[in-house]
Trainee: 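Take this structure first; my questions come after.
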Amino acid sequence: MSILVYTESENGKFKKSALEVASYAKGIADQLNTQVVAVTVNAQDSSVLGNYGVDKVLEVKDDKLENFNAKAYADVLQQAAEQSSSKVIVISSSANAKYLAPLLSGGLKAGYASNVVALPESTEPFTVKRTAFSNKAFNSTEITSEVKIVGLANNAYGLKENSAAASAESFQPSFDEKDFDIQVSAVDKTTGKIAIADADIVVSGGRGLKGPENWHLIEDLAEVLGAATACSKPVSDMGWRPHSEHVGQTGKPVAANLYVAVGISGAIQHLAGVNASKVKLVINNDPEAPFFKAADYGVIGDAFKVVPELIEKLKEFKVNNA
Ligand code: FAD
């Protein structure tokens, strides 16, 4: 019995979340005294997975899988789980992984727990800690099925180096024609920008920025920090920023290591989507802004003064520490 982990890649390169789920799978493998088997799909160099505790890699290379297809990818994982007799399967919380999880769960008759934030509290019974109510609470969930699928919340466990000499072998699953009933015909990606889901740091702006003409403040701060940019809902509703940047309960969820909120009041619907971030820095000129209650660090001040100074100091810091 090994732990199977699905390590996602994009354009052949592993996503940060892939290394995190590998680290996490190694943690469970240690609890159960077993090994970690990773599945990769059209990834370039899987040897890096050994640095995060993976013992064996099943490499799938198939042009048909170039674009994500939930049915076909669920088939790949199901067959990999069966081949490696895995009873615990670890996936990330990416949008793709969340699509394939229910199909995989149906195929393997496995219980699936999403939004898991820590190693199992117990392996017998198999009990995991998960977030609930938009990250405002936790619950303990027992998975009683023989095969278990664990969906790890982004940035909940972190990357843990744990050297293993990962061996790689080619894995060729069989597909049903019906797997390809729905096919992606074209992909139009935003280039040169860090995706919110993959970002370690997110810099986000709200209505306090007064207008789209001031967004250079958010972009410049994001650039110096190597961060993704985001915004509150009204900002995208007013067309100051694209809807793809809207974060919160009705937008994208953020689980970054650092979330910087500039001119955002901290309404409950906004917090619901960003609360899972590890450290929250709030810049707001109203000391009563609700966001300060949820913040780890707060600067009470005018964004138009604070942000340029912050950018200047960060640039200086980078030069002095290059
Ligand atoms: P405001 O509430 O107007 O806050 C602006 C802030 O900027 C204020 O705190 C002000 O003090 C500060 N400010 C002003 N000038 C400056 C300055 N010069 N320097 C520094 N600070 C300054 N919202 C989301 O963001 N995401 C969601 O997913 C979402 N989903 C929703 C779903 C529903 C069903 C509903 C009803 C609402 C939802 N909302 C969502 C909207 C939410 O309730 C708030 O209205 C919204 O988050 C407020 O956006 P804001 O903080 O940018 O603007």
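Counting starts at 1 for both ligands and their atoms, in listed order. The structure presented is a predicted model; accordingly, all values stated were derived computationally and were not measured.
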Trainee: Counting heavy atoms only, which of Val282, Leu209, Asn285, Val247 comes nearest to atom 26 (N) of ligand 1?
Mentor: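 Minimum heavy-atom distance to atom 26 (N) of ligand 1 goes to Val247.
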Trainee: So, does Gly205 sit close enough to ligand 1 that a heavy atom of it is under 4.0 Å from the ligand?
Mentor: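 No.
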Trainee: Does the side chain of Glu312 come within less than 4.5 Å of Leu310's, by heavy atoms?
Mentor: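 Of all side-chain heavy-atom pairs linking Glu312 with Leu310, none is under 4.5 Å.
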Trainee: For ligand 1, which atoms sit closer than 4.0 Å to a heavy atom of Gly206?
Mentor: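 Selected atoms, number and element: 52 (O).
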Trainee: Any idea which protein heavy atom is nearest atom 2 (O) of ligand 1, and the distance to it?
Mentor: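 Minimum-distance protein heavy atom for atom 2 (O) of ligand 1 reads Ser265 OG, 2.9 Å.
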Trainee: Would you say CD of Glu59 has more than 12 non-hydrogen atoms from neighbouring residues, nucleotides or ligands within 6.0 angstrom?
Mentor: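 Result for CD/Glu59: enclosed.
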Trainee: So is Pro234 in contact with ligand 1, going by heavy-atom distances below 4.0 Å?
Mentor: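 Within the 4.0 Å threshold, so yes.
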Trainee: Any idea which atoms of ligand 1 are less than 4.0 Å away from a heavy-atom of Asp302?
Mentor: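 Those of ligand 1 that fall under 4.0 Å from Asp302 are 17 (C), 18 (N), 19 (N).
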Trainee: What residue and heavy atom of the protein are closest to atom 5 (C) of ligand 1, and at what distance?
Mentor: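 The closest one turns out to be Gly263 O, 3.4 Å.
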Trainee: Under 4.0 Å, counting heavy atoms only: does Ile264 come that close to any atom of ligand 1?
Mentor: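 Contact present.
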Trainee: Scan for salt bridge (charged side-chain N to carboxylate O under 4.0 Å, His left out) pairs involving residues 14-43, sequence neighbours excluded, and state none if there are none.
Mentor: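 Sorted pair list: Glu8-Lys15, Lys16-Asp200, Lys26-Asp30.
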Trainee: Numbering the atoms of ligand 1 from 1, which are under 4.0 Å from a heavy atom of Gln249?
Mentor: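 Answer, ordered by atom number: 27 (C), 28 (O).
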Trainee: Please state which part of Phe304 comes within less than 4.0 Å of ligand 1, counting heavy atoms only: side chain, backbone, both or neither.
Mentor: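 Just the side chain.
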Trainee: State the CZ-NE2 distance between Phe291 and His270, to the nearest 0.5 angstrom.
Mentor: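 These two atoms lie 4.5 Å from each other.
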Trainee: Return yes if a side-chain donor-acceptor contact under 3.5 Å exists between Tyr259 and Ser204, otherwise no.
Mentor: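 Per modelled atom types, Tyr259 and Ser204 side chains form a pair under 3.5 Å.
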Trainee: For atom 14 (C) of ligand 1, tell me which residue out of Ala261, Ala267, Gly208 has the closest non-hydrogen atom.
Mentor: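 The nearest heavy atom belongs to Gly208.
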Trainee: Which residue from Val262, Val235, Asn284 reaches closest to atom 8 (C) of ligand 1 through any of its heavy atoms?
Mentor: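 Among Val262, Val235, Asn284, the closest heavy atom to atom 8 (C) of ligand 1 comes from Asn284.
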Trainee: Could you check which of Ala303, Ser232, Pro253 puts a non-hydrogen atom nearest to atom 50 (P) of ligand 1?
Mentor: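 Selected option, by shortest heavy-atom distance: Ser232.
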Trainee: Out of Lys210, Lys233, Lys305, whose heavy atom sits nearest atom 24 (C) of ligand 1?
Mentor: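 When every heavy atom of Lys210, Lys233, Lys305 is considered, Lys233 comes closest to atom 24 (C) of ligand 1.
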